[in-house]
Amino acid sequence: MTREEHLKFCKICKNKKNDLKEGIICGLNNQIADFVDTCESFEKDVETKSDEYFAKINLIDNSKRAKYAMNVFFGISILNLIAVLSGYFEFELLERIRDAEMFTEQEASVNDLRQGVIGILQTVLSITSIVLFLNWFRRAYGNLHRIGTNNLEHNETMAIWSFVIPIVSLFRPYKIAKEIAVEYGNRLSGINSNYKSSINFSIIGLWWTFFLIANYIGQFAFKSVLKDDTIEQMIASTQAYMISDFIDIPAALLTLLMIKQISKEETMLFENYNNGSN
């Protein structure tokens, strides 16, 4: 018999046991089923929900979205490290120009080209990261709704709108991220009472703190560029962007870590539902 055929019996057996790695196993020997035609230990559990009930649970795999998002945020951290170094070279060049020290037109042209290319790449990665993160974040919250979590504070779309609505955007994304982490841990603990969540909630707090700081400094740096009519203003805007790029590095890495932690438990839960251990 195949694993799928075994599970037709195991799902409704009183002796079943849920295992985070294997799914449903036999509680008598702690092994997956291996009987040929019938199981001598089979005892139907009249309280077990039917397959039709579980078919209504539409838990969607979110691991690919998490992987794509993590890769982009890793790329952002590397690119911003390069941007900080490039910004320093520009800062040094601008100081020489201000102090009437030696520099060449070619050096200035290369600097402008380098900064322009880095700026374009940063813009592309930033837009990509927003799209990928929100897609992952919404599905992660939506999956909690799909498995019937009754104590959620918001609907699935609020996972996106929480970043857009004024004032609300200062705190609600953090609350939703924390809610996602807590509920996935609770679900896994419900499957296996010995399971302990590996999520570090301080990472979520740091993620949101750095997100707000990076967003504020980024806006300040952008506004400073609009005022760089003099050499001193150009130096000031370059310094502002160096600080902004530097803060974006830990902000991106913390986002990556948060996604990785939540995705790990979300994937475990998906695999358990997929294996029938509901």
Side-chain angles (χ1 to χ4, degrees), residues 18 20 53-74 76 125-192 195-212 214-215 251-275 277-278:
N18 294 320
L20 290 178
Y53 171 84
F54 293 122
K56 296 178 182 179
I57 298 176
N58 186 27
L59 191 63
I60 304 175
D61 186 9
N62 203 17
S63 59
K64 286 186 178 180
R65 291 190 177 190
K67 182 179 179 180
Y68 295 151
M70 287 190 290
N71 287 339
V72 169
F73 281 105
F74 180 75
I76 287 175
L125 280 184
S126 178
I127 294 173
T128 303
S129 69
I130 292 172
V131 173
L132 293 179
F133 178 84
L134 290 179
N135 280 339
W136 167 80
F137 197 63
R138 174 175 177 169
R139 179 171 288 182
Y141 198 49
N143 273 338
L144 290 175
H145 286 274
R146 293 182 186 93
I147 58 178
T149 307
N150 297 320
N151 58 336
L152 297 177
E153 294 186 17
H154 311 286
N155 58 37
E156 180 180 347
T157 58
M158 184 53 67
I160 292 179
W161 286 110
S162 63
F163 286 91
V164 179
I165 303 174
I167 308 300
V168 169
S169 62
L170 295 175
F171 60 88
R172 188 161 292 172
Y174 165 74
K175 291 184 66 176
I176 291 178
K178 190 174 180 180
E179 192 175 13
I180 291 171
V182 169
E183 292 301 331
Y184 279 135
N186 289 342
R187 282 284 175 166
L188 290 170
S189 296
I191 294 174
N192 185 341
Y195 179 79
K196 293 183 179 180
S197 177
S198 60
I199 292 180
N200 185 343
F201 285 91
S202 63
I203 295 293
I204 300 177
L206 287 171
W207 158 71
W208 190 241
T209 300
F210 271 85
F211 175 86
L212 293 178
N215 187 52
L253 292 176
L254 285 167
T255 306
L256 187 158
L257 288 175
M258 184 193 70
I259 296 173
K260 183 177 181 180
Q261 288 190 141
I262 293 177
S263 178
K264 178 183 176 182
E265 296 205 336
E266 184 183 15
T267 300
M268 291 173 65
L269 191 64
F270 172 80
E271 289 175 349
N272 272 270
Y273 271 94
N274 203 39
N275 288 334
S277 55
N278 300 277

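No experiment lies behind these values; they were computed from the predicted model shown.
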Crowded around Y68 OH? As in, over 12 foreign heavy atoms under 6.0 Å?
no
Keeping N186 on the side-chain end and S189 on the backbone end, is there a donor-acceptor pair under 3.5 Å?
no
With a 4.5 Å heavy-atom cut-off, do K178 and W208 have their side chains touching?
no
Does a side-chain heavy-atom distance below 4.5 Å link R172 with H154?
yes
Starting from the C-alpha separation in whole Å, work towards a yes-or-no answer on side-chain contact (heavy atoms from CB on, under 4.5 Å) for V182 and F201.
CA-CA 9 Å; V182 169; F201 285 91; 3.6 Å; yes
Quick check: closest heavy atoms across A252 and F73, and the distance to 0.1 Å?
CB-O, 3.5 Å
Is any side-chain heavy atom of S198 closer than 4.5 Å to a side-chain heavy atom of Q261?
no
Is there a donor-acceptor contact under 3.5 Å from the side chain of Y184 to the main chain of A140?
yes
Working to the nearest 0.5 angstrom, can you tell me the gap between R139 CZ and R146 CZ?
7.0 Å
Rounded to the nearest 0.5 Å, what separation is found between the CG atom of L188 and the CE atom of M268?
5.0 Å
Check the orientation of W207 and F133. Use parallel for under 30°, tilted for 30 to 60°, and perpendicular for over 60°.
tilted
Report the distance from atom OG1 of T267 to atom CG of D61, rounding to the nearest 0.5 Å.
6.5 Å
Less than 4.5 Å apart, side chain to side chain, heavy atoms only: is that true for T157 and R138?
yes
If you draw a 6.0 Å radius around CZ in F171, do more than 12 non-hydrogen atoms from other residues or ligands fall strictly inside?
yes
For E179 and E153, indicate whether the former's side chain and the latter's backbone hold a donor-acceptor pair under 3.5 Å.
yes
Atom OG1 of T255 and atom CE of M70: how far apart are they, to the nearest 0.5 Å?
12.0 Å
Could you go through F210 and L253, starting from their C-alpha distance and side-chain angles, then the distance that decides it, and tell me whether this counts as side-chain contact (heavy atoms from CB on, under 4.5 Å)?
CA-CA 10 Å; F210 271 85; L253 292 176; over 6 Å; no
Would you say the side chain of L269 lies within less than 4.5 Å of the side chain of I147, judging by non-hydrogen atoms?
yes
Smallest heavy-atom separation, Y141 atom then E156 atom, equals CD2-CA, 4.1 Å
Considering all heavy atoms of both residues, which atom of L170 and which atom of L212 are nearest to each other, and what is their separation?
O-CD1, 3.9 Å
If you define the side chain from C-beta out and look only at heavy atoms, does anything of I262 sit under 4.5 Å from W136?
yes
Which pair of heavy atoms, one from A251 and one from A214, lies closest together, and at what distance?
CB-CB, 4.2 Å
Please name the pair of heavy atoms, one in M258 and one in I203, separated by the smallest distance, quoted to 0.1 Å.
N-CG2, 3.9 Å
I160 side, atom CD1; I165 side, atom CD1 - distance, nearest 0.5 Å
11.5 Å
Can you tell me how far OG of S263 sits from CD1 of I180, rounded to the nearest 0.5 angstrom?
11.5 Å
Strictly distance-based, threshold 3.5 Å: is any side-chain N or O of N135 a donor or acceptor partner for the main-chain N or O of V131?
yes
How far apart are the C-alpha atoms of V72 and I76, what are their side-chain angles, what is the distance that settles it, and do they pass the side-chain contact (heavy atoms from CB on, under 4.5 Å) test?
CA-CA 6 Å; V72 169; I76 287 175; 4.1 Å; yes
